[in-house]
Amino acid sequence: MPVMRDDVVAWLERCAAVLEENRDYLTQLDAAIGDADHGANMDRGFKAFMAKLPSVADKDIGTILKTLGMTLVATVGGAGGPLYGTFFLQMGVKTANKLMLTPEDWAEALEAGINGVIARGQARPGDKTMVDALLPALEAFKEAIRNSDSFGKALQRMAEAAEQGMKATIPMVARKGRASYLGERSAGHQDPGATSSYLILKAAADTWGHVT
Amino acid sequence: MPVMRDDVVAWLERCAAVLEENRDYLTQLDAAIGDADHGANMDRGFKAFMAKLPSVADKDIGTILKTLGMTLVATVGGAGGPLYGTFFLQMGVKTANKLMLTPEDWAEALEAGINGVIARGQARPGDKTMVDALLPALEAFKEAIRNSDSFGKALQRMAEAAEQGMKATIPMVARKGRASYLGERSAGHQDPGATSSYLILKAAADTWGHVT
Amino acid sequence: VERRELNPALDPLVAAPWARCAPRMNPQAPPALPCLDEGTLERVRLTLFDLIATARPLMEDLHQFTEGSGLAIALFDPAACVLDVLGDAGIVRAAEAVGLRPGVYWSEGHVGTNAFALALLERTPVQVVGAEHFVALYHDWVTTAAPIYGLDGQPLGAIGVMAPVERAQPDTLGMVMAAARAIENQLQAAENLQESHQYLAELQAILEAIDQVVMVLNTRGEIVRLNRTAARVLGLDPSGILGRPLSSHIQLPPALQNALMDPQVHLETEAALLIDGAPLEGWLTLHAVAEGRHHLGCVLTFRRSEQIHRMVARL
Amino acid sequence: VERRELNPALDPLVAAPWARCAPRMNPQAPPALPCLDEGTLERVRLTLFDLIATARPLMEDLHQFTEGSGLAIALFDPAACVLDVLGDAGIVRAAEAVGLRPGVYWSEGHVGTNAFALALLERTPVQVVGAEHFVALYHDWVTTAAPIYGLDGQPLGAIGVMAPVERAQPDTLGMVMAAARAIENQLQAAENLQESHQYLAELQAILEAIDQVVMVLNTRGEIVRLNRTAARVLGLDPSGILGRPLSSHIQLPPALQNALMDPQVHLETEAALLIDGAPLEGWLTLHAVAEGRHHLGCVLTFRRSEQIHRMVARL
Ligand SMILES: Nc1ncnc2c1ncn2[C@@H]1O[C@H](COP(=O)(O)OP(=O)(O)O)[C@@H](O)[C@H]1O
Ligand SMILES: Nc1ncnc2c1ncn2[C@@H]1O[C@H](COP(=O)(O)OP(=O)(O)O)[C@@H](O)[C@H]1O
Ligand SMILES: [Mg+2]
Ligand SMILES: [Mg+2]
Ligand SMILES: [Mg+2]
Ligand SMILES: [Mg+2]
């Protein structure tokens with residue numbers, strides 16, 4: 001069973017809620033190795049999108065995701081704006097005109113989104129960024145599908161890998177973004193962007209858990 | 001017979017005189033396809049160097065040329081400042097500690113200077129720049145030396161090739177610098193930078209004509 | 001300026017637009033503010049996403065370092081359509097009320113003389129102060145803008161600032177000029193990086209596709225690059241050997257050792273390599289690597305005699 | 001600020017330097033202006049030539065767009081040593097008289113609180129206005145500066161502006177911040193370009209060194225690159241064939257035609273190419289070219305059976 005357009009809308013609504021709930025947590029993480037605004041940034045961005053959602057909730061999945069990307073680049077601010085903006089924009093380009101997503105559709109969209117983040121931010125695995133949660137999540141999802149896991153199971157694997165990747169950023173020394181100005185002192189703290197990425201992917205797994 | 005340090009000083013003094021004499025001419029050329037300041041720029045730069053020359057005229061050739069390069073980057077302005085600054089600086093680096101130049105020394109120095117100009121400005125042959133006078137001049141000098149011409153003869157060949165290269169810029173469409181903003185309208189006018197390059201190399205040929 | 005009369009002391013850059021506007025517009029009337037519908041604006045912003053994503057962080061920084069001083073900072077497309085606005089809340093609201101909103105066109109024909117349209121038209125940074133704006137509504141404002149050019153010299157848009165006329169300053173002009181330059185340079189850097197990555201990817205794929213020993217050496221004879229075949233045939237550990245001199249493991253015949261440094265080297269010959277003393281016979285080539293006129297090193301290829309025999313056997 | 005008392009409303013960024021200066025310096029006394037001798041300054045400027053050559057045109061443009069408004073614009077090394085100054089003649093002269101001259105160090109310990117040293121110390125753009133300068137001599141001035149960082153995040157220097165205190169404006173801070181960004185981005189673009197050129201030079205040298213047919217195709221099957229051997233053996237005109245589909249001249253066996261588009265392709269096989277109908281037999285390989293996760297195309301190599309025989313005969 002594929003993920004339907006309305007399931008995508010539900011996912012994004014969940015993202016907004018989760019990012020609002022975790023606003024202070026993300027801010028705290030960003031206080032340790034940044035400028036303490038990641039929580040506010042993500043909350044503001046998704047709230048701005050929630051205001052737009054009614055006007056696109058009946059469109060195709062690509063349009064919804066592109067709108068999200070365009071909204072985020074204009075409202076999130078900081079490093080995350082262009083990066084998350086690109087992420088969702090590229091997902092939207094890949095899913096243009098679709099009203100449902102097969103597991104392959106989701107893998108391709110996620111891959112396109114991550115490629116966009118990497119192209120813009122030039123982060124590599126181990127640089128202590130959102131990429132350290134996103135890439136393992138993508139790989140885990142693709143592997144689960146190769147192993148004939150159900151869509152729902154594969155999404156779970158994806159969320160678990162995102163969580164692992166997020167935690168794996170703790171010992172890393174940041175090589176991108178504000179945290180990199182701290183050098184060695186950035187080690188020992190979980191990366192805020194990897195955390196928000198995890199939350200977003202977890203929200204997908206939780207929202208779509210019912211699909212087989 | 002090599003070119004001696006004092007011959008180099010004489011050359012640069014001649015450059016200053018020639019650039020002053022041709023100030024209006026260069027300005028006119030730059031009025032047709034630029035902002036009408038190349039004559040003033042080159043004159044100002046070499047006058048500034050003339051003021052410094054007494055303090056370095058007894059040093060090695062490399063020091064004199066490096067000082068010229070550093071002076072030009074700080075006084076010529078516009079596109080020519082960094083380019084001529086790099087040109088003479090790289091010549092100076094190549095001739096460090098030398099008190100005389102063999103033909104091979106001159107070819108190497110000229111090549112280093114031109115490589116510097118190309119590295120900084122990224123101009124290619126045919127882009128309608130100083131490179132269109134400098135490169136053919138270098139090739140002609142090297143070929144004359146390969147043909148066992150005397151130093152003085154090779155310098156003449158160099159100056160002739162520079163003149164040809166300068167004139168060859170007339171029909172070219174500019175692809176670098178201010179003139180490139182004019183597109184096709186830049187054709188039919190001789191490039192100011194190629195002209196000042198020619199004058200500088202001609203001054204060398206004229207000053208060192210007596211060496212064999 | 002009163003009654004549509006031009007102040008003769010007016011900046012010539014501003015006088016010309018006035019001459020253009022006067023026949024067509026009533027300076028006292030509120031300007032026609034042509035505005036794109038939501039959908040079209042979204043499509044325009046989608047097309048210009050890269051510009052928006054690049055400009056936005058810089059605009060946020062411009063705001064950060066002038067915060068509270070009364071600026072609205074805006075990004076425009078090449079037709080002077082507003083793409084994005086941010087800045088001090090009160091000023092942004094007031095500017096929005098007079099048309100500084102995403103989707104609105106600030107073309108001269110609709111809004112009268114203003115820095116945003118003028119910068120794009122004249123292809124230069126420009127500031128228009130108070131009564132220099134043709135339309136009376138903008139006499140309380142100063143607009144400042146600089147055009148942004150793309151990699152081929154085509155206009156990508158403009159970055160501009162709007163502020164109350166009392167706040168008119170010369171450094172705003174320097175600021176937008178430098179901001180446009182920063183955006184252009186960042187776009188150029190990103191383009192160059194992408195090109196760099198593509199060449200490297202081709203380079204690496206070619207190396208792995210070739211079943212001969214292929215190595216790239218720099219001018220100091222150190223190994224800069226080698227393919228799998230080279231590592232295997234010559235018994236080299238890729239992670240260990242990069243940056244080390246070829247000669248630390250492999251002896252070339254003396255004549256060839258000199259050839260390594262020749263900026264014009266272009267030779268092919270039978271040769272025996274000594275690998276930790278043991279000879280390996282085959283066909284060796286050396287070709288200089290030059291970046292324009294700059295000698296970078298050389299490419300060494302080698303095919304074992306044995307391998308050649310095997311290739312024949314395969315056919 | 002009077003009598004070395006700190007105004008409690010003072011910007012905390014400025015208060016800390018005051019606390020540092022107060023024990024060591026007399027604010028009423030003219031500052032010690034440590035200055036490099038001509039020779040050492042020249043050596044410093046030589047080492048930082050690239051920064052100076054990159055910054056200077058931008059500084060000239062900043063001057064051009066603020067001309068006559070009363071600015072002196074200066075470039076500093078990472079130790080706050082003045083490298084270069086330009087601007088409105090009268091202001092430049094006056095600033096020179098109080099120490100804004102190449103070779104003079106504006107370190108806090110010598111000159112007291114000032115934007116040039118502070119920007120480098122705090123690693124952020126900053127403006128110091130009038131009496132915020134510790135030393136009384138600078139109470140008539142406003143200094144504004146932003147640090148410039150190099151490719152590895154190391155400080156390269158700073159760009160700053162000095163003006164009469166009456167002329168203090170917020171946008172000067174935005175201006176120097178954007179100018180520093182423009183310089184950094186230009187240095188990055190130049191570095192990326194150089195790297196790009198080096199990879200291309202290696203790539204081209206490797207292609208010419210290989211005596212097999214080597215071609216690079218993009219994902220549309222068009223020929224992006226080919227070596228001399230490919231042109232010769234396959235009868236292709238390099239200037240004509242670039243960008244054209246391989247299939248316009250050469251037919252691959254159908255199974256292989258599909259393989260061209262496979263992002264994971266990695267095969268070697270005997271094959272017969274049809275060149276304008278005539279078959280050419282040999283050994284063909286296909287390897288995908290990927291830039292990270294991005295499929296760019298593939299590398300095709302080919303060696304004629306005939307050629308292999310010849311190679312053996314040569315040994
Ligand atoms: N170049 C980059 N590539 C990928 N992710 C990045 C990059 N730079 C920063 N990030 C991510 O952005 C996060 C910080 O976001 P945020 O705090 O909102 O922006 P800022 O650092 O500008 O305040 C980091 O935790 C990191 O995950
Ligand atoms: N990228 C470049 N590479 C080589 N030469 C260049 C380049 N850009 C400009 N020039 C040279 O500079 C000359 C113009 O110099 P000048 O008028 O002094 O500078 P500007 O154009 O800044 O006013 C041109 O005639 C051309 O020969
Ligand atoms: Mg942050
Ligand atoms: Mg932030
Ligand atoms: Mg000029
Ligand atoms: Mg000029």
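Order of the sequence lines fixes the chain letters, A, B, ..., with proteins taken first and strands second; residue numbering starts at 1 for each chain.
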By number, which residues in residues 164-176 of chain D have some heavy atom less than 4.5 Å away from chain C?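 Residues R167(D), Q169(D), P170(D), D171(D), T172(D), L173(D), G174(D), M175(D) are the ones that qualify, each having a heavy atom under 4.5 Å from chain C.
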
Minimum heavy-atom separation for [X] and [Y], please, with both atom names.
{"X": "A209(C)", "Y": "T285(D)", "value": "O-OG1, 3.9 Å"}
{"X": "A178(C)", "Y": "A182(D)", "value": "O-CB, 3.9 Å"}
{"X": "L296(D)", "Y": "A201(C)", "value": "CD1-CB, 4.0 Å"}

Nearest 0.5 Å, what's the [atom1]-[atom2] distance between [X] and [Y]?
{"X": "L203(D)", "Y": "L200(C)", "atom1": "CG", "atom2": "CG", "result": "9.5 Å"}
{"X": "Q198(D)", "Y": "N218(C)", "atom1": "CD", "atom2": "CG", "result": "10.5 Å"}
{"X": "Q204(C)", "Y": "Y199(D)", "atom1": "CD", "atom2": "OH", "result": "8.0 Å"}

In terms of heavy-atom pairs under 4.5 Å, which option from [options] contacts chain C the most?
{"options": "V161(D), V214(D), I210(D), I183(D)", "value": "I210(D)"}
{"options": "L286(D), L207(D), L71(D)", "value": "L71(D)"}
{"options": "V216(D), N185(D), V289(D), T124(D)", "value": "N185(D)"}

Is there a side-chain contact between D61(D) and R181(C), using heavy atoms and a 4.5 Å cut-off?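 Sidechains of R181(C) and D61(D): in contact.
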
Which of A179(C), G68(C), P125(C) touches chain D most, by non-hydrogen pairs under 4.5 Å: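 With the most close heavy-atom pairs to chain D, the winner is P125(C).
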
Shorter than 4.5 Å, heavy atoms on both sides: which option in H197(C), E67(C), E184(C) has the most such pairs with chain D?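 Between H197(C), E67(C), E184(C), the count favours H197(C).
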
Any chance you could lay out the side chain to side chain contact (heavy atoms under 4.5 Å, CB included) test for M177(D) and L58(C), step after step, and finish with the verdict? CA-CA 9 Å; M177(D) 183 277 294; L58(C) 183 65; 4.2 Å; yes

Side chain, backbone, both or neither: which part of [X] has an atom under 4.5 Å from a heavy atom of chain C?
{"X": "A146(D)", "value": "neither"}
{"X": "H266(D)", "value": "side chain"}
{"X": "V224(D)", "value": "side chain"}
{"X": "I206(D)", "value": "both"}
{"X": "L187(D)", "value": "neither"}
{"X": "L300(D)", "value": "neither"}

Polar contact flag, side-chain donor to acceptor under 3.5 angstrom, D211(C)-Q212(D):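 Per modelled atom types, D211(C) and Q212(D) side chains form a pair under 3.5 Å.
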
Run the salt bridge (charged side-chain N to carboxylate O under 4.0 Å, His left out) test against D262(C) and tell me which residues pass, sequence neighbours left out.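 Once residues adjacent in sequence are excluded, D262(C) has no partner under the salt bridge (charged side-chain N to carboxylate O under 4.0 Å, His left out) criterion.
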
Taking A189(D)'s backbone N and O only, do any of them form a donor-acceptor pair with N192(C)'s side chain (distance below 3.5 Å, no angle check)?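 Checking the backbone N and O of A189(D) against the side chain of N192(C), a donor-acceptor pair under 3.5 Å is found.
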
Check whether more than 12 heavy atoms from other residues, nucleotides or ligands sit under 6.0 Å from atom CD of Q64(D), and answer yes or no.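 Enclosed.
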
Counting only heavy atoms not in H294(C) (residues, nucleotides, ligands), do more than 12 fall under 6.0 Å from its NE2?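 12 or below, so no.
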
Under 4.5 Å from a heavy atom of chain D, the part of A290(C) involved: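 It is the backbone, since no side chain atom gets that close.
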
Going by salt bridge (charged side-chain N to carboxylate O under 4.0 Å, His left out), name the pairs with one or both residues in residues 190-210 of chain D, residues two or more places apart or in two chains.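 Listed once each, the pairs are R225(C)-E202(D), E208(D)-R228(D).
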
Of all pairs that satisfy salt bridge (charged side-chain N to carboxylate O under 4.0 Å, His left out), the ones with a partner from residues 144-153 of chain C, not counting sequence neighbours: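 For residues 144-153 of chain C, and leaving out neighbouring residues, there are no salt bridge (charged side-chain N to carboxylate O under 4.0 Å, His left out) pairs at all.
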
